[in-house]
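The structure appears below as structure tokens.
In listed order, ligands and their atoms are each counted from 1.
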Amino acid sequence: MTATALTWAGGLTGAWLLFSAGRVVYRLFFHPLARFPGPKLAAASEWYRTYYEVYMNGGLVDKLTELHRQYGDVVRIAPNELHFNSLKAYSDIYTNGTRFTKDPRFYYNMHQPECSLTFMDRREAKTRRDILSPIFSRKSVLALEGVVANKVDTLVRNVLAYGTAGKPVNMHRAYRSCALDVVMDYCFARDWGALNSPNFANWLVLTFEEAFSGVLVLINFHWLYYVMVGIDAVTMPFSSAPTFTSIWNERAALLKQISARPELLDHQPHDTIYNLLMVPQPEKGQPVVPSHFSILQEADNVMAAGGDTVGNTVTVGTFFILSNPSVRDALVAELRAAWPDKDTHMSYEQLEKLPYLTMVIKESLRTSHGVVIPAPRVVHEDATIAGHVVPGGTSVAMGSTFVHYSTEVFPDPFEFRPERWTNRELDQYIVAFSKGPRACLGQNLAWCELYLVFGHMFRKIDMQLYDTTLEDMQFRCHMTPTYGKKQLHVTVKEHD
Ligand code: HEM
């Protein structure tokens, strides 16, 4: 290197160091959030949050619990971000009437910017929700209940086969296979067949298992996405193994066919999301058909949103029911009394009327949390959240665990106690589906799945925990909770 080049390099490094030091001083003393409590390192740099999210492998939520104990109900967790811990704050941030929008730092970096989950513009988000809502309405779910019931029958049959063979079953994968098969059929009229894969180890179930643990890495180091796409493009021609890209390509080909021959939409076994997305609906704000890129992203989104979440809820619920004999006995007794002959049909609407089953499901949602990472929202103009005046431009959030473990409403929050739900006032504190204008769009479908899976599994199968302890249910806080490698295993035999 020549002397001139060295001088330039030294000068640029010096300028960068000076700029960085000035920025830290600004953030610590002059930034609009400087008056909020929290660790100085968090106020100085985004790397603090990244450290806990990525290097501590989904450890941010545990750290936030510690920080709230130290600093109170609001903590500055990054130069421009606040995290809250109070019931009032949750309602101020997320419920109806909020004007806050999704934070691009988080949602844009998922690299799916044109789907219901990630639209940041409120109008675009509302339009897409209005378009998709009919397929996820209670009416549609009841009309397509057979799709769900069919997968649940396969789940029960295939799980029982392990009992006949005298082998334990990986229930976490069995449940996630069921949820994936439901979403594939319900949204795309496609028989995916994950439930028929040996050991419930379908490649897509395994891929999601890996992908959910990696979401926070991708959000923090978003350039990695392009590396992954590049690797996929180079390796795909030499491999016959299916990937996300192959599903994308297959769907893209289907969209082309539908565009050329819209009558194909009438020849599916039942309506799918394409019936709603592939036609103009000006009255709902969709004057023209969205781009294929956007429709493909939506397809990926519902596929991801519907599998892991339902699977986690039934896994966690099953573990706690089996660990608490009094809960299991009460649930089985209720199901037997209402459904003496298990070979007769039992519908979603009949199961919904069972009070103990309903309380078990609510407790399972509370202890599995839905999306566990605090979902960040941007405050555009100065706003008051739980009595704190928050300057416009700030990113605010509150994770679902902070509601679900609040001792104010849930005494002994780490205990699995379905009876607590006899108090219907508590229903407002189930936030597994989030709340307000961006709450889960698929929650009617999710409730139907939860009733049918819990109802049929516990009426028809006698399960015992196999080599699974409370320790295996400890989760890391990635986007959804992710559990250890051992996973929930049970031994099974048929109930009479
Ligand atoms: C127990 C099951 C489920 C839970 C706990 C759950 C939870 C959630 C949560 C917490 C959100 C908000 C995420 C955020 O604010 O970033 C969400 C959004 C969403 N969920 Fe679910 N979900 C479940 C099942 C499903 C199913 C079965 C589907 C559809 C097949 C679905 C589709 C969606 C969609 C499309 C969104 C985006 C909504 C928007 O941003 O406007 N979910 N879900």
Close-contact set for ligand 1 against Leu117 heavy atoms, below 4.0 Å: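 Ligand 1 atoms under the 4.0 Å threshold to Leu117: 13 (C), 16 (O), 37 (C), 40 (O).
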Could you tell me whether some N/O pair between Glu298 and ligand 1 is separated by less than 3.5 angstrom?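 Not met; the criterion fails.
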Should Arg129 be counted as touching ligand 1, given the test is an N or O pair under 3.5 Å?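 Between Arg129 and ligand 1 (N or O atoms, distance only) the closest approach is under 3.5 Å.
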Steps toward salt bridge (Lys or Arg N to Asp or Glu O under 4.0 Å) verdict (Glu415, Arg366): CA-CA 11 Å; Glu415 303 271 310; Arg366 183 186 73 83; over 6 Å; no
Counting the benzene-type ring for Trp, do Phe410 and Trp421 have ring centres under 6.0 Å apart? yes
For the aromatic rings, using the six-membered ring if either is Trp, is the centroid distance between His111 and Tyr226 under 6.0 Å?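 Yes, the ring of His111 comes within the 6.0 Å limit of the ring of Tyr226, centre to centre.
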Can a donor-acceptor pair be found between the side chains of Asn301 and Glu298 at a distance below 3.5 Å?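 Side-chain D/A pair, Asn301 to Glu298: present.
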Residue pair Tyr107 / Gln112, side-chain donor-acceptor N/O under 3.5 Å: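 No.
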Could you see which bit of [X] sits under 4.0 Å from ligand 1, with heavy atoms only: side chain, backbone, both or neither?
| X | result |
| --- | --- |
| Asn301 | side chain |
| Lys102 | side chain |
| Arg377 | side chain |
| Thr313 | side chain |
| Tyr107 | side chain |

Parallel under 30°, tilted from 30 to 60°, perpendicular over 60°: which one fits the rings of Trp47 and Phe221?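 Judged by the thresholds at 30° and 60°, the geometry between Trp47 and Phe221 is tilted.
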Classify the ring geometry between Tyr405 and His369 as parallel (under 30°), tilted (30 to 60°) or perpendicular (over 60°).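 The arrangement is perpendicular - the two ring planes meet at more than 60°.
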Nearest protein heavy-atom contact for [atom]: which residue, which atom, what distance?
| atom | value |
| --- | --- |
| atom 24 (C) of ligand 1 | Thr309 OG1, 3.4 Å |
| atom 7 (C) of ligand 1 | Ala432 O, 3.3 Å |
| atom 42 (N) of ligand 1 | Cys440 SG, 3.0 Å |

Answer yes or no for Phe136: is there a heavy-atom contact with ligand 1 below 4.0 Å? yes
Is the number of heavy atoms from other residues, nucleotides or ligands within 6.0 Å of NZ (Lys126) greater than 12?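 Atom NZ in Lys126 is not packed in, count stays at 12 or less.
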Measure from atom 32 (C) of ligand 1 to every heavy atom in Ala305, Ala446, Ala375, Gly311 and give the option owning the shortest one.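 Minimum heavy-atom distance to atom 32 (C) of ligand 1 goes to Ala305.
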